[in-house]
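Read through the structure below, which is laid out as C-alpha cells, and then see the notes.
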Amino acid sequence: MVLLGPPGAGKGTQAKKLTRRFGVPHVSSGDILRSAVAAGTPLGQEAKSYMDRGELVPDRALLELIEERLGKADCLHGFVLDGFPRTRAQAETLFGMLEGLGTELDLAAALLVSRREIIDRISGRRVCGSCGASFHVTFAPPAREGSCDLCGGALVQRDDDREATVAARLDVYDRETEPLLRYLDECGLLARIDGTGSAEAVFERIVGSVAESR
Ligand code: AP5
C-alpha cells in the first residue's frame, strides 16, 4: 500500500504502526533521501538543495533508489510506501515497477488533515539526530525532554521544518500531489482517511480500509 497526504499529515507515524501490525517494511522516500544526504552521496548532495527549498527532488535518481528498495527480499510479501508516489508520473512509474516485480498495489490511503493542524504538528515535531525516531513536543513527547526514547540521541528540528520551507512544501503538495489523488481514485485504489484525532484512532481507520481492500 501507499500512504499519501500533505507534509505532517502523519504518514511516517502511521507507516510505523502498519509495519508492526502487518509485518511488512516501511519504505519512506523522505528517509531514503535523508540517508543519501547524510552519507554525502552525489544524489544526496543534489537532493539537499531541493529538500531545503521544499521542492520535489527530480525523478531520475530517486526512481532508481525506490526500485532498488522495493526489489529487496523483505518487500516480497508487501510494503508500506510513504511519500512516494507524489505525482501522476511517479505513480505510473510505480505501477510499471510493481508489474516487473510481479505484484500490484492494493490501496492508496490519503490522510486528510487541515492546514492549521499541519502547522501545529510540524512546528512541534522533533526527530532524533541519531536514529531518526520522530516525536512531538505536545502530541507525542519523549520521556525526557530533548532526548530520544529509543537511543538517547539528541532531538532536533528537521531542516525542512522551518516555516518558509513548510509553506513551500504545502504549495507543492497542492499543485503536484492533489491531482494524483484524483488519478488514484479513477484507478479504484484511493481511500480518503480522516487524519485527525489520536494516532491510534487514525490507525484504526486505515486498518479498516486495508480490510476493505482485500
Ligand atoms: P518527506 O520526508 O516524505 O516529508 P513529507 O511528505 O513532507 O512528510 P513529513 O515527513 O513532513 O510528515 P508525515 O506525514 O510523515 O508526518 P509525521 O508522521 O512525521 O519528504 C521530505 C522531502 O523529500 C520533500 O519535501 C521532497 O523534497 C523530498 N521527497 C520525498 N519524497 C519525494 C518524492 N516522491 N519525489 C520527490 N521528492 C521527494 O507526523 C508529523 C508530526 O505530527 C510528528 O511530530 C508526529 O508525532 C505528529 N503526529 C502524527 N500523527 C498525529 C496525530 N494523529 N495527532 C497529533 N500529532 C500527530
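As the structure lists them, so they are numbered: ligands from 1, and atoms in each ligand from 1.
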Determine whether the side chain, the backbone, both or neither of Val57 has a heavy atom under 4.0 Å from any heavy atom of ligand 1. both
Is the shortest side-chain N to carboxylate O distance from Arg169 to Asp161 below 4.0 Å? yes
By the definition side chain to side chain contact (heavy atoms under 4.5 Å, CB included), identify the one residue from Asp82, Leu81, Val80 that meets it with Val27. Leu81
Expected output: side-chain Gln14 to main-chain Gly10 donor-acceptor under 3.5 Å: no
Return each pair, listed once, that meets ring pair (Phe, Tyr, Trp, His ring centres under 6.0 Å) where at least one residue sits in residues 104-154; pairs must be two or more places apart or across chains. His136-Phe139
Ile122 N/O under 3.5 Å from ligand 1 N/O: no
If the cut-off is 4.0 Å to any non-hydrogen atom of Gly12, which atoms of ligand 1 fall inside it? 13 (P), 15 (O), 18 (O)
Are Lys17 and Glu200 close enough that some pair of their side-chain heavy atoms sits under 4.5 Å apart? yes
Check whether any side-chain heavy atom of Thr93 sits under 4.5 Å from a side-chain heavy atom of Glu67, and report yes or no. no
Can you find a non-hydrogen atom of Ala201 under 4.0 Å from ligand 1? no
Checking heavy atoms under 4.0 Å, the part of Val172 that sits near ligand 1 is neither
Taking only heavy atoms of Ala199 into account, list the atoms of ligand 1 that are under 4.0 Å away from them. 53 (N)
Do ligand 1 and Arg125 have nitrogen or oxygen atoms that lie under 3.5 Å from each other? yes
Are any of the side-chain heavy atoms of Cys128 and Cys151 separated by less than 4.5 Å? yes
Would you mind running through ligand 1 and noting each atom that sits below 4.0 Å from a heavy atom of Ser29? 30 (C), 31 (N), 32 (C), 34 (N)
Before accepting this row, confirm whether a basic side-chain N of the pair Asp160/Arg158 lies closer than 4.0 Å to the acidic partner's carboxylate O. yes
Closest to atom 52 (C) of ligand 1 by heavy-atom distance, out of Glu200, Arg121, Glu176, is Arg121
If you measure every N/O of Arg34 against every N/O of ligand 1, is any gap under 3.5 Å? yes
When you measure from atom 13 (P) of ligand 1 to every protein heavy atom, which one gives the shortest distance, and what is it? Lys11 N, 3.5 Å
closest protein heavy atom to atom 23 (O) of ligand 1 is Met51 CE, 3.5 Å
List the closest protein heavy-atom neighbour of atom 56 (N) of ligand 1: residue, atom name, distance to the nearest 0.1 Å. Phe139 CD1, 3.2 Å
Are any of the N/O atoms on Asp161, whether in the backbone or the side chain, positioned under 3.5 angstrom from an N/O atom of ligand 1? no
Under 3.5 Å, N or O to N or O, is Thr13 touching ligand 1 that way? yes
Nearest protein heavy atom with distance in Å, relative to atom 3 (O) of ligand 1: Arg86 NH1, 3.3 Å
Please assess Leu190 against Tyr183 for the test side chain to side chain contact (heavy atoms under 4.5 Å, CB included), listing each intermediate value before the final yes or no. CA-CA 9 Å; Leu190 187 72; Tyr183 172 61; over 6 Å; no
Say whether Gly195, considering both its backbone and side-chain N or O atoms, lies within less than 3.5 Å of an N or O atom on ligand 1. no
Is there a side-chain contact between Leu180 and Thr87 (heavy atoms, below 4.5 Å)? no
With heavy atoms and a 4.0 Å threshold, my read on which part of Gln90 contacts ligand 1 is side chain
Atom 46 (O) of ligand 1 has as its nearest protein heavy atom His136 CB, 3.6 Å
Salt-bridged, Asp31 to Arg69, with N to O below 4.0 Å? no
among protein heavy atoms, the one nearest atom 28 (C) of ligand 1 is Leu33 CD1, 3.5 Å
Identity and separation of the nearest protein heavy atom to atom 12 (O) of ligand 1: Gly8 N, 2.9 Å
Run the salt-bridge test on Glu186 and Arg182 with the 4.0 Å N-O cut-off and return the result as yes or no. no
For Phe135 and ligand 1, answer yes if some heavy atom of the residue is under 4.0 Å from a ligand atom, otherwise no. yes
Is it true that Arg158 lies under 4.0 Å from ligand 1, counting heavy atoms only? yes
Any side-chain heavy-atom pair of Arg126 and Pro142 under 4.5 Å: no
Let me confirm one number: the CE-CG distance from Met51 to Leu33, rounded to the nearest 0.5 Å. 5.0 Å
Whether Arg175 and Asp171 form a salt bridge (side-chain N of Lys/Arg under 4.0 Å from carboxylate O of Asp/Glu) is what I want to check. no
Can an N or O of Gly197 be found at a distance shorter than 3.5 Å from an N or O of ligand 1? yes
Is it true that Ala9 lies under 4.0 Å from ligand 1, counting heavy atoms only? yes
Compute the minimum heavy-atom distance from Arg53 to ligand 1 and say whether it is under 4.0 Å. no
Can you sort out which atoms of ligand 1 are near Asp160, meaning under 4.0 Å from one of its heavy atoms? 21 (C)
Distance to 0.1 Å, residue and atom name: give those for the protein heavy atom nearest to atom 27 (O) of ligand 1. Glu55 O, 2.6 Å
Taking distance alone, with no angle check, do Glu117 and ligand 1 share an N/O pair under 3.5 Å? no
For ligand 1, indicate whether the residue Asp59 contacts it via side chain, backbone, both or neither (heavy-atom separation under 4.0 Å). neither
With side chain to side chain contact (heavy atoms under 4.5 Å, CB included) as the test, would you mind laying out the steps for Phe95 and Leu189 before giving the verdict? CA-CA 12 Å; Phe95 292 150; Leu189 288 167; 3.7 Å; yes
Can you find an N/O atom of Gly10 closer than 3.5 Å to an N/O atom of ligand 1? yes
Give yes if a backbone or side-chain nitrogen or oxygen of Phe84 is under 3.5 Å from a nitrogen or oxygen of ligand 1, and no if not. no
All heavy atoms of Arg121 vs all of Gly8, minimum pair found to be CD-O, 3.3 Å
Which part of Ser198 is near ligand 1, with near meaning a heavy atom under 4.0 Å away: side chain, backbone, both or neither? backbone
Taking only residues at least two apart or on different chains, which pairs with a member in residues 22-76 satisfy ring pair (Phe, Tyr, Trp, His ring centres under 6.0 Å)? none
If you measure from each non-hydrogen atom of Arg169 to ligand 1, which part falls under 4.0 Å: side chain, backbone, both or neither? side chain
Taking the side chain as everything from C-beta on, heavy atoms only, tell me whether Asp194 gets closer than 4.5 Å to Leu112. no
